[in-house]
Amino acid sequence: MGLKVFNSLSRKKEDFLPAEKGKVKMYVCGPTVYAPAHIGHARSAVSFDVIYRYLRYRGFDVTYARNYTDVDDKIIARANELGIESGKLAEDNIVAFDSDMGALGVLLPPIRPKATETMAEIISLAEDLISKGFAYELEGDVYFAIRKLSDYGKLSGKNIDNLEAGARVDVDTRKRDPLDFALWKAAKEGEPSWESPWGKGRPGWHIECSCMCMKWLGSTIDIHGGGKDLIFPHHENEIAQSESATGLKPFVRYWLHNGFVNIDKVKMSKSLGNILNIHDALETNTGEAIRFFLLSNHYRSPVDYSAESLKEAGAAIERFYKTVERIHLEGQVAPESSPAAEALQKKMTPIVEAMDDDFNTAGVIGLLFKEITRANRILDEARDAGVEGLSADNRDELGVILALFREAGGFLGLFTTEAESYLNQRKASPPVKAEEIERLIEERKKARQNKDFKKADEIRMGLLERGIELEDNRDGTRWSLKTDI
RNA sequence: GGCGGCGUACCCAAGUGGCUAAGGGAGCAGUCUGCAACACUGCCAUCCAGCGGUUCGAAUCCGCUCGCCGCCUCCA
C-alpha cells in the first residue's frame, strides 16, 4: 500500500516514488498576475495545497515552490490601460492573490520565486541553449528550435507534423519552424526590459518556469503541477528547454494537472464575461465553503460551478461544525482530547486509502460525513436517554471522531476553525442589530412560557423576513443568518 | 483534421474486475418539537448513455454507436 498518482506523462496511475527516498521536490505553475484571482486559480491552488499537505502528512520532506509570472504581455497591456507601471500592477496582484488564497485556507508555499528575480538564470539558460545548438538568435529575439528534438510532444501526445498542418498562419515567418517558441523577446518601446547579450529584452513565458524550477529545486524534480491547459505548449516547452540544457531526463518524474472549473456548464472566459473572482465569491460565501466545494470533486475532473452548488457546500460545512459543537457541548468531549491510537487508526485507514489513490478528496469527504451521522446518532441516543446515557464507549468514540476530523481536516485544509467561531462568524454583520435580536428572542421566550404561540411565531416569522433564522433547542434559542441569500 | 477526457438516481458526486453501487442535496414517511428549524430513522439506481464482445464474474477491460467537453492560440 502506498501513494499512487496519475502522471500526465504516462497517462496512468503510478506508484509515487520520489527520486530521493522520503524527499519530494514539487513545483507548481502559479498565476500570471495581471488580474485578480478567479475560481480557476483557486482550484489549482487548492488542489496542490492539498497535495502538499498530504505529502507532508505521509511523512515526506517536501520542498515546494510556486512562482509568480510578473512580467508578461498581458501585464504590460493591462498596466498601460490603467496607466500605471507594470511592476506595480504585478506587485498589487501578488498581494491580492496571496490574500484571496489565504482566505481559502491555501498555505503560502515556502518558495515563491518571481520571473523578474530570475533574470540572470534565464539569460544564462538561453545562452546555454544557443551554445548547445538548441536555440538561435534572430534580431534580438531568441528562439528554441523544436526540430532539434526527436521527442518533442511527448507530454501532450502531439505529433509535430499534425500540429503544423493545423497551425494558424504565423506572422513571424523568420522562425525556422512555426512551432519554435521565444526564449527571449527584444524590447519594444516603453516596455520593461533587461540587458542581455542580445540587447534589451525580456524573457518568453516558458523559460522562466524552467529556470525557477531548476534554480530552487534542481535539474530533476518529482512533481510539477498546473492546470490542464498548461500541458501544451507551456509544460511541453519546459521539458524541451530543461532536458536540452541539462541533458538529464526526466526533468520531471510526475506531471500532475488539475481540471477546469466551468461556470453553469460553460468554460469561464473573458469574452463571455463569466469570470468568478474569488474576492467576489467571498462576499457571500466563506472561504471554507468554496474550498469544500472544490474538494468535493476529484482534482482532475472538470467541475461545474453554480451558485446552488456553492450554497450546498456551505450548508455541508455548517452541518459539520454544528456536529462538532454538539460533541463539545452535549458530549462533553474536550476539543483537544486524544483518543486511543488504534481506534483512530481504524477509522483513518479508509481515509488514507482514498487519499493514496491519487488524492481522492471527494471520497474522503463521503467517509467523513458518515462519521458526522454516526456522532449525531450517538448524541441523539444519549439525549433521549438523558445525559447520563452517554456511555464511556460512546464518549470515547466521539473523541475518536473529533480526532479524525482534526487529522483529515489537517490535510484537506478543512474544518480547521473552532466550531463556535465558525458558526458565529456569519453573524458578524447581521441585517438586524444583535441587541435587537436578543431582545426579541427574550420577548419570544416569555410568550412561549405563557403559551402565547401566536405571538412567538410572529416574532420568529418577522425575523425570518429580515434574514434571521431562529432555532430552538434544549439550551435555549440560537439565531443565525438565513443561509439562502 | 490531430490528440485527450467524460457520460453513475430528480440534482451534485465517489466507486474502475467479485460482499446488498459511498456520501451530500432535494423528495416522501416517521421520531423529536407547542409549531418550525436542527438532528436521527426508514424509503428513494435489480442498475451504472446505447449495442455487442472478453470473463466463472464488469458500472469497472475491449470494440462500435450516440451525446457532451477540453487541448491544438494567452489561459488555472
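The chains referred to below are lettered A, B, ... by the order of the sequence lines, with proteins before strands, and numbering in each begins at 1.
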What is the distance, rounded to the nearest whole Å, between atom CZ of Arg383(A) and atom C1' of A39(B)?
-> 6 Å
Can you find an N or O donor on one side and an acceptor on the other, under 3.5 Å apart, linking the side chain of Arg300(A) with the base of G5(B)?
-> no
Considering every strand shown, what is the Watson-Crick or G-U wobble mate of C66(B) when both distances are under 3.5 Å?
-> G7(B)
pair_partner(C38(B)), Watson-Crick or wobble, both distances < 3.5 Å, evaluates to none
Should Arg444(A) and Asp457(A) count as an ion pair when the cut-off is N to O under 4.0 Å?
-> no
G1(B) -> Watson-Crick or G-U wobble partner, both distances under 3.5 Å, gives C72(B)
NZ/NE/NH1/NH2 to OD/OE distance under 4.0 Å, Arg291(A) and Asp49(A) = yes
Using Watson-Crick or G-U wobble geometry with both distances below 3.5 Å, tell me the partner of A45(B), or none.
-> none
Run the salt-bridge test on Lys175(A) and Asp141(A) with the 4.0 Å N-O cut-off and return the result as yes or no.
-> no
Strand partner of G17(B), provided both Watson-Crick or wobble distances fall under 3.5 Å = none
Base C35(B) paired with Asp472(A) side chain (donor-acceptor, <3.5 Å) | yes
Can you find a side-chain donor-acceptor pair between Ser156(A) and Glu236(A) that sits under 3.5 Å?
-> yes
The Watson-Crick or G-U wobble partner of U54(B), with both key distances under 3.5 Å, is none
Flag as yes if Phe369(A) stacks onto the base of G23(B) (centroids under 5.5 Å, planes under 30°), otherwise no.
-> no
Answer yes or no: side-chain N or O of Asp457(A) and base N or O of G34(B) forming a donor-acceptor pair under 3.5 Å.
-> yes
Less than 3.5 Å between a donor and an acceptor, one on the side chain of Arg460(A) and one on the base of A36(B), is that the case here?
-> yes
Taking any strand in view, what nucleotide pairs with A26(B) in a Watson-Crick or G-U wobble way, both distances under 3.5 Å?
-> none
Using purine N1 to pyrimidine N3 plus N6-O4 or O6-N4 for Watson-Crick, or N1-O2 and O6-N3 for G-U wobble, both under 3.5 Å, which nucleotide pairs with U60(B)?
-> none
